[in-house]
Number of protein chains: 2
Amino acid sequence: MTRPTFHDFKKKALRDPGVREEYESLAAAYHLKKKLIGLRKKAGLTQEELAEKLNTQKSNISRLENVNSKISPKLSTIEEYAKAVGFKLELDFLPIKTLKPHNDANSADAKSRAAD
Amino acid sequence: MTRPTFHDFKKKALRDPGVREEYESLAAAYHLKKKLIGLRKKAGLTQEELAEKLNTQKSNISRLENVNSKISPKLSTIEEYAKAVGFKLELDFLPIKTLKPHNDANSADAKSRAAD
DNA sequence: GGATATGTTATCATATATGATAACCTTGTC
DNA sequence: GACAAGGTTATCATATATGATAACATATCC
């Protein structure tokens with residue numbers, strides 16, 4: 001694959017505190033939905049086709065993907081969506097960085113990554 | 001009642017090919033709850049203390065963490081929990097290895113992922 | 001224009017997560 | 001035994017995600 005993975009991008013981007021801040025804010029709401037759309041299209045599926053795989057309606061897929069909708073989906077919904085488009089959802093818990101006045105070269109952030 | 005350990009659960013689940021399909025999500029759910037408990041304890045909080053930080057009741061925290069509960073929490077619930085114990089939730093989508101139609105009895109599929 | 005494909009929005013019904021209260025169970029301490 | 005701390009379970013009320021149907025909007029193609 002020529003494109004950098006999300007992990008690669010993330011790793012690099014998070015080194016920059018400015019980028020990190022934006023990343024954090026986007027992560028929750030906006031990023032997920034764009035991510036889902038991207039995965040679905042990568043799988044070559046329309047909303048209607050995906051809806052059929054998930055035994056639901058295209059309007060519900062639209063609502064899930066729509067940035068304007070304020071819903072916070074259930075975990076299982078995202079998991080099923082991911083599986084239907086060929087991906088597995090993984091949850092990572094990253095320690096919240098308490099910004100110290102000066103931080104050394106090797107921040108312990110990535111090391112103390114708390115996910116499996 | 002006695003709660004099943006993860007190994008008990010895994011053995012039982014993998015023994016029956018019929019539940020193989022379900023294994024991923026169930027294991028993920030089991031893992032999540034264990035993960036949450038670990039993070040809370042690492043933060044040095046009791047269920048009651050965490051409940052207070054989240055403006056809710058300890059019984060609700062228990063329900064969320066309890067393996068026996070069949071709920072699939074909202075993403076926002078997990079996010080808020082994580083934040084309250086000092087972590088940030090990140091979602092990653094990992095491509096599912098597409099298996100060849102060669103499915104004999106001991107496919108290593110679930111095995112490789114189940115390793116912890 | 002008419003038709004098709006894709007996605008959106010509105011609305012209602014239903015399922016389920018969460019809030020809240022109370023009772024209960026262990027374990028430990030006195 | 002009495003008590004407290006930490007966690008569990010049951011139950012009800014409420015909030016909200018999801019299921020379902022229909023109408024609408026835009027393209028695109030004939």
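A, B, ... follow the sequence lines: proteins, then strands. Residue 1 opens every chain. In what follows, every heavy atom counts, from backbone to side chain, and hydrogens, waters and symmetry copies are set aside.
- Residue whose closest nucleotide on DNA chain C sits further toward the 5' end, between L64(B) and S59(B): L64(B).
- Whole-Å rounding puts the L75(B) CG to dT18(C) C1' distance at 15 Å.
- When rounded to the nearest whole Å, the span between OH of Y81(A) and P of dG19(D) equals 14 Å.
- Applying the side-chain contact (heavy atoms from CB on, under 4.5 Å) test between T56(B) and each of L64(B), L50(B), I61(B) identifies I61(B) as the sole match.
- Note on S72(B): only backbone sugar-phosphate atoms sit closer than 4.0 angstrom, heavy atoms only; bases stay farther off.
- The CZ-P distance, from R40(B) to dG6(D), rounds to 10 Å in whole Å.
- In the model, N66(A) has no side-chain atom that pairs as donor or acceptor with a side-chain atom of R63(A) under 3.5 Å.
- Taking atom NZ of K58(A) as the reference point, atom C1' of dT4(C) lies 11 Å away to the nearest angstrom.
- Across all strands, S62(B) comes closer than 4.0 Å to base atoms (heavy-atom distances).
- A close approach under 4.0 Å does not occur between any side-chain nitrogen or oxygen of Q57(A) and OP1 or OP2 of dG19(D).
- The side chain of N66(B) contributes an N or O atom lying less than 4.0 Å from OP1 or OP2 of dT9(D).
- The two atoms that bring Q47(B) and E65(B) nearest to each other are NE2-OE1, 2.9 Å, heavy atoms only.
- No N or O donor and acceptor, one from the side chain of T56(B) and one from the base of dT18(C), sit under 3.5 Å apart.
- In this structure, I71(A) places its CD1 atom 19 Å from P of dA15(C), rounding to the nearest Å.
- Between the CG atom of L36(B) and the C1' atom of dG7(D) there is a distance of 16 Å, given to the nearest Å.
- The CD atom of E52(B) sits 13 Å away from the P atom of dA20(C) (whole-angstrom rounding).
- Under 3.5 Å, the side chain of R63(A) and the base of dG19(D) form at least one donor-acceptor pair of N or O atoms.
- The 5' end of DNA chain D is approached more closely, in terms of each residue's nearest nucleotide, by E48(B) than by the other of E48(B) and S76(B).
- Set against dT16(D), dG19(C), dT8(C), the side chain of N60(B) has dG19(C) as its closest nucleotide.
- Grouping the Ile, Leu, Val, Met, Phe, Trp and Tyr side chains by contacts below 4.5 angstrom, directly or via other members, places L45(A) with I78(A).
- Residue N55(A) contributes atom CG, which lies 9 Å from atom P of dG19(D) at whole-angstrom precision.
- Residue E52(B) qualifies as open at atom CD: its count of foreign heavy atoms under 6.0 Å is 12 or below.
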